[in-house]
Amino acid sequence: MFAVTAQSFSTDDPLSGLVLGERSEPEAPDGWTTVTVKAASLNHHDLWSLRGVGLKEDALPMILGCDAAGHDEDGNEVVVHAVVSSPDWTGDETLDPRRSLLSERYQGTFAERVVVPRRNVVPKPASLSFEEAACLPTAWLTAYRMLFTQGGLKAGDTVLVQGAGGGVATALIALARAGGLRVLATSRDESKRAKALELGAHEVFESGARLPVKVDAVMETVGKATWTHSVRSLRPGGRIVISGTTSGPQLDDAMLTNIFFLQLSVVGSTMGTRDELAALVTMLDATGVRPVIDRTLPMEEARDGFAAMAAGDIFGKIVLTR
Ligand SMILES: NC(=O)c1ccc[n+]([C@@H]2O[C@H](COP(=O)([O-])OP(=O)(O)OC[C@H]3O[C@@H](n4cnc5c(N)ncnc54)[C@H](OP(=O)(O)O)[C@@H]3O)[C@@H](O)[C@H]2O)c1
């Protein structure tokens, strides 16, 4: 079958390890199922894999890709859940210390077929295209869990989304708006602020600008560059939910005094559960909210998609189709 594979690692030239071509058909172990991929979407994770981050040398060659939608063995339309937990794990799979993401230990989704544990497929509603559904399992699921599980946010609350141009941030804005929240967003870039308004933000601000109100929660993926602003923007008892540190994890000032004196919470968040993915899919079906797709390419042209992502020249998801 055709597949997009990491063959070697390079920090400076990640695309040099990318190989497109034939791979042997996967075999589904007991309790696993084969999904025929119709669409898959790129994440920064795939570029990091080509740099050797999160992927071990002895796992090469590895088919890349965490996100996909397609048909299961019975012809049902499904979305693939990317978090694979240990067979004996029960409960929230993001808390399993031995969990992995597709393309880390098990072969990924950029292929004609991918095998996954039976419980890792979620029904795809007809209202979502395969391309839209393929955008959900990583960035959108991360955003859903940040807002509604780790953030505990509900209709009527006010949220600040930092770094409005990012993949998770754009999902946060759209989902927060659809969930009935008041949405404030920051970006360094004027055109990204304009797009954030189109996506559903009520108000946008330059990064670091003083806000007119204190917020119930801040959604952080930027890290070092926005941390101080995030802490300052919270009401007493408010919460920062953090799932990434694009600008770096080392803080000049962790603002510990503000954190204890104002009784703030800092909550980590990583990916999401199968049940949260099912709830996210239902939310999109019910609200009409859809992921922003930057471009759709045949899987054979995956290299162009990787190059665009590496250049940072995108707004929204890059989708590969079969
Ligand atoms: N925990 C998880 O499950 C999970 C899942 C997915 C992603 N992530 C992580 O989440 C983070 C975000 O990933 P992403 O793909 O959504 O976004 P991204 O494209 O990496 O960028 C996020 C945003 O960060 C802002 N930013 C970057 N450098 C900045 C700086 N120096 N000052 C101010 N803002 C800066 C930019 O916002 P503006 O240009 O708009 O200002 C950018 O749009 C990454 O660290 C990723 O690894 C985690």
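Read the numbers this way: they start at 1 and go in the same order the structure lists the ligands and their atoms.
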Exercise. For Val159, does its backbone N or O pair with a side-chain atom of Asp216 as donor and acceptor, under 3.5 Å?
Worked result: no
Within the structure, does [X] bring an N/O atom to less than 3.5 angstrom of an N/O atom in ligand 1?
X      : result
Gly244 : no
Val222 : no
Asp189 : no
Ser247 : no
Thr246 : yes
Arg188 : yes
Ala225 : no

For this session: Considering the heavy atoms of Ala164, write down every atom of ligand 1 situated less than 4.0 Å from one of them.
Result: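 Selected atoms, number and element: 40 (O).
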For this session: Write out the residue and atom name of the closest protein heavy atom to atom 8 (N) of ligand 1, then the distance separating them to 0.1 Å.
Result: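 Here the closest protein heavy atom is Ser243 O, 3.6 Å.
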Exercise. So, Ser191 and Asp189: side-chain donor and acceptor under 3.5 Å apart, yes or no?
Worked result: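 A donor-acceptor contact under 3.5 Å links the two side chains.
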Problem set entry | Asn76 side chain to Lys124 side chain, donor-acceptor N/O pair below 3.5 angstrom | no
Exercise. Protein heavy-atom contact under 4.0 Å for atom 15 (O) of ligand 1?
Worked result: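 At least one protein heavy atom is under 4.0 Å away.
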Exercise. Heavy-atom contacts under 4.0 Å between Asn43 and ligand 1: side chain, backbone, both, or neither?
Worked result: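 Under 4.0 Å from ligand 1, Asn43 contributes no heavy atoms.
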